[in-house]
Protein chains: 2
Amino acid sequence: MAFLKDIAAAAGVSIRTVSRVLKQSGYVNEATRTKVMAAAKQLDYRPSLAARALKTGKSFEVTAIIGSVDELHMEKIAGLEQALRAAGYSVHIFFSTTPADRQDAGDVLDAVLQRQPAAIIIFPNSLLPVKKVKARLAETNTPYVFLDTGHAGTNTVNIDRQQGVYEAVKYLAAHGRRHIAYMGSPNNNTRLAGYERAIKELCREPIILATAGNTQQDQYEVGRKNIETFLAANPRPDAVQVFSDVMAMGFLAALHEHGIAVPDDVAVVGFDNRRVAALAWPRLTTVMQPNRELGTVAAEILLSKIAGRKPPADDWYRILSTKLVQRDSA
Amino acid sequence: MAFLKDIAAAAGVSIRTVSRVLKQSGYVNEATRTKVMAAAKQLDYRPSLAARALKTGKSFEVTAIIGSVDELHMEKIAGLEQALRAAGYSVHIFFSTTPADRQDAGDVLDAVLQRQPAAIIIFPNSLLPVKKVKARLAETNTPYVFLDTGHAGTNTVNIDRQQGVYEAVKYLAAHGRRHIAYMGSPNNNTRLAGYERAIKELCREPIILATAGNTQQDQYEVGRKNIETFLAANPRPDAVQVFSDVMAMGFLAALHEHGIAVPDDVAVVGFDNRRVAALAWPRLTTVMQPNRELGTVAAEILLSKIAGRKPPADDWYRILSTKLVQRDSA
DNA sequence: TTGTAAGCGTTATCAA
DNA sequence: TTGATAACGCTTACAA
């Protein structure tokens with residue numbers, strides 16, 4: 001490890017001059033500059049991030065507070081890390097998935113703030129009370145962004161799920177499907193709204209496939225059990241937009257068991273584009289969430305905030321588009 | 001933010017005494033101790049990790065170098081983070097998935113070492129030349145551990161895939177299957193060895209289902225195409241142990257298309273216990289890898305190394321057991 | 001049992 | 001255009 005003083009010695013100048021050259025601040029004689037640069041390169045100088053953090057009170061680390069162990073998050077993290085690393089930042093991860101996680105860490109947020117991260121990114125369902133977090137973060141003046149909270153708000157990157165479902169339903173209609181149903185909780189939610197908007201535009205009757213009180217159940221089981229409401233529906237749907245890929249897999253299993261052909265008898269469209277969608281039988285047409293992009297956009301916002309840029313008109317709110325992935329099930 | 005000096009002032013003692021109390025080192029008068037503790041708590045003191053890192057040359061951060069964006073890694077990371085956090089460490093992640101990643105970071109390892117991590121954990125397929133890494137790491141005296149390298153070696157936590165396949169094949173035999181085949185590359189690999197060991201013990205003939213030169217192809221496609229070797233096999237297998245869940249999904253799709261019933265006509269066992277296994281149709285019996293445990297065991301090793309403990313007899317080599325997850329396909 | 005003081009490697013103020 | 005030098009907050013040898 002080479003330090004500033006080593007370079008200074010090697011180049012025959014003072015530490016301050018070396019620093020000046022390396023940080024490109026202030027006037028430096030071209031000759032000295034070259035000399036210093038050469039020495040730095042020669043000694044393979046890498047600044048001590050710890051010293052820098054101590055001195056400036058800011059680290060080059062961004063902390064991601066993750067709310068669940070989910071394959072989709074992995075992509076978000078990858079996007080985030082890639083974009084952040086390009087700007088010289090590294091990513092810290094911190095799980096907050098169970099109530100115990102919060103206890104262990106005392107207050108999760110305080111544990112995170114102790115490391116003086118340059119910024120914080122909060123993943124969905126992190127068990128953190130949003131309001132309190134925002135207040136605390138504002139107080140410590142730490143840039144932050146929320147990911148995929150599901151409802152509009154400042155300092156957030158969301159996914160336009162409504163539009164995703166809307167487009168999928170339009171696609172089904174354009175491919176000759178007459179009775180397009182939606183499977184999922186009938187309670188207020190964004191995806192249902194997208195379905196309803198599309199159905200209305202198509203001047204058709206909505207068909208909601210749902211079993212009572214299935215909110216907290218396993219999605220796969222819900223999809224599987226919903227075969228009954230499907231079979232009972234009159235007219236019987238020839239297409240179903242399902243809440244999620246996982247629920248769609250349950251529904252698919254039930255359809256197979258009943259000898260109902262997909263997509264010939266019913267078209268099925270999922271949501272999420274999980275790995276499973278490409279592996280299902282038949283391969284599942286689904287709505288892709290821009291997970292990687294979610295990460296990179298979050299990184300951009302964070303970097304802008306760190307750089308002290310003024311909030312744009314939307315006050316750091318972004319909503320990203322989904323995309324229909326056509327496969328064999330619809 | 002409260003600092004040592006604030007506590008010292010509040011308690012009317014010197015910084016040194018505060019430090020002594022907080023670190024529980026050396027003799028401290030009980031009354032002073034109480035006074036200091038109270039002040040620390042009152043001011044919600046949290047040590048500056050940056051200052052500590054600068055002073056000691058060691059951070060409380062462990063860097064994980066990740067080789068691919070894979071759902072299974074997410075679990076490993078979760079296990080790692082949980083165990084490490086309990087010991088006061090936090091986890092840094094660093095992707096090294098593409099050749100570009102290496103270039104961007106100059107030398108990945110140097111970029112990582114610059115942050116003076118307390119330890120490093122290297123995930124499978126991280127594009128890093130193992131020997132060079134070990135040398136560099138030994139040189140900088142940084143504790144490290146490799147994850148799931150696939151071959152025995154020191155400072156490594158592996159998964160006993162051979163045993164996993166062995167047990168699955170035995171399970172199939174115990175459930176009355178006569179002609180148990182293995183699907184996957186016929187080239188030397190651990191899983192195949194497990195299959196061969198079991199078949200030998202059962203005094204049966206091995207049946208290897210493979211298409212030529214499929215090494216680099218998409219596993220799903222390989223499984224799908226392998227239906228041909230399956231149909232051509234004589235006798236036709238009534239059970240197949242497939243290389244991976246993904247490959248099994250391809251095979252399953254082909255079986256469905258040929259109207260071959262699972263598990264009635266053929267039992268199918270996958271490997272990995274990915275999320276997809278529980279969602280497949282039929283639900284896939286498969287061999288579970290102890291991903292979370294892999295993370296926690298790696299954390300234990302790292303913590304031992306950090307604590308300066310002497311290497312045990314196995315020189316930090318651990319191999320973890322898999323577990324058969326029975327579902328509907330076998 | 002407690003305190004003084006010297007660093008860790010960087011940044012940045014102030015002179016020269 | 002350059003150089004002393006004082007922090008940043010913590011750890012720790014050495015004194016008292």
Side-chain angles (χ1 to χ4, degrees), chain A residues 1-37 39-40 43-61 88-89 110 113-118 140-141 306, chain B residues 1-37 39-40 43-61 88 110 113-118 140-141 306 308:
Chain A
M1 281 287 187
F3 305 121
L4 243 29
K5 66 161 182 270
D6 300 317
I7 301 177
V13 296
S14 78
I15 286 186
R16 180 64 244 255
T17 302
V18 176
S19 171
R20 224 182 252 111
V21 170
L22 263 22
K23 302 233 98 176
Q24 326 197 43
S25 69
Y27 296 99
V28 185
N29 181 298
E30 189 52 34
T32 9
R33 213 189 72 84
T34 328
K35 215 165 43 181
V36 169
M37 289 301 270
L43 297 173
D44 188 29
Y45 171 73
R46 288 169 182 277
S48 155
L49 268 13
R52 192 174 277 176
L54 174 60
K55 182 62 194 172
T56 63
K58 278 290 161 210
S59 70
F60 274 69
E61 290 163 10
Y89 289 81
D110 278 340
L113 287 172
Q114 179 181 14
R115 306 195 117 92
Q116 300 183 305
T140 58
N141 207 24
I306 292 171
Chain B
M1 282 288 186
F3 304 121
L4 243 28
K5 66 161 181 269
D6 300 318
I7 302 178
V13 294
S14 77
I15 287 185
R16 180 65 245 252
T17 301
V18 176
S19 171
R20 224 182 253 110
V21 171
L22 264 22
K23 303 229 102 179
Q24 327 198 38
S25 69
Y27 297 98
V28 185
N29 179 298
E30 190 50 34
T32 350
R33 216 189 70 84
T34 328
K35 213 165 46 180
V36 169
M37 290 301 270
L43 297 173
D44 188 30
Y45 172 73
R46 289 167 181 275
S48 155
L49 267 14
R52 192 175 275 175
L54 174 60
K55 180 63 194 174
T56 63
K58 278 291 162 209
S59 69
F60 274 68
E61 289 163 10
D110 279 340
L113 287 172
Q114 178 181 14
R115 304 193 120 91
Q116 301 183 306
T140 58
N141 206 24
I306 290 172

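Numbers restart at 1 for each chain; the letters A, B, ... are given by sequence-line order, proteins then strands. Treat the numbers as computed from the prediction; the structure is a model and nothing was measured.
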*Rounded distance (nearest 0.5 Å) linking atom NZ of B:K58 with atom CZ of B:R52*: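 It is 15.0 Å, given to the nearest 0.5 Å.
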Between [X] and [N], does any side-chain N or O lie under 4.0 Å from OP1 or OP2?
X: A:Y27; N: D:dG3; answer: no
X: B:S48; N: D:dG9; answer: no
X: B:K5; N: D:dG9; answer: yes
X: B:T32; N: C:dT1; answer: no

Measure from the side chain of [X], starting at C-beta and using heavy atoms only, and say which of [options] lies closest.
X: A:L54; options: C:dT2, D:dG9, C:dT10; result: D:dG9
X: B:Y45; options: D:dC10, C:dG3, C:dT2; result: D:dC10
X: A:K55; options: D:dC10, D:dC8, C:dG3; result: D:dC8
X: B:N29; options: D:dT12, D:dC10, C:dT2; result: C:dT2
X: A:T17; options: D:dG3, C:dT10, C:dT2; result: D:dG3

*D:dT1 base to A:R16 side chain: any donor-acceptor pair below 3.5 Å?*
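Side chain to base: no pair present.
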*Polar pair under 3.5 Å, donor/acceptor by atom type, side chain A:R46, base C:dG9*: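 No such pair is found, so the answer is no.
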When the distance from [atom1] of [X] to [atom2] of [N] is rounded to whole Å, what number comes out?
X: B:I15; N: D:dC14; atom1: CD1; atom2: P; value: 20 Å
X: B:D6; N: D:dG9; atom1: CG; atom2: P; value: 9 Å
X: B:L22; N: D:dT11; atom1: CG; atom2: C1'; value: 12 Å
X: A:R52; N: C:dA12; atom1: CZ; atom2: C1'; value: 14 Å
X: A:L43; N: C:dG9; atom1: CG; atom2: C1'; value: 15 Å
X: A:F3; N: C:dT11; atom1: CZ; atom2: C1'; value: 16 Å
X: A:L4; N: C:dA12; atom1: CG; atom2: C1'; value: 13 Å
X: B:R20; N: C:dT1; atom1: CZ; atom2: C1'; value: 7 Å

*asked:* Quick check on DNA chain D: between B:T56 and A:E30, whose nearest nucleotide comes earlier from the 5' end?
replied: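 Of the two residues, A:E30 wins.
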*Are any side-chain N or O atoms of B:S59 and backbone N or O atoms of B:Q116, one a donor and one an acceptor, separated by less than 3.5 Å?*
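Present.
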Are the side chains of [X] and [Y] in touch, meaning some heavy atoms are under 4.5 Å apart?
X: A:I15; Y: A:F3; value: no
X: A:V18; Y: A:Y45; value: no
X: B:T32; Y: B:V21; value: no

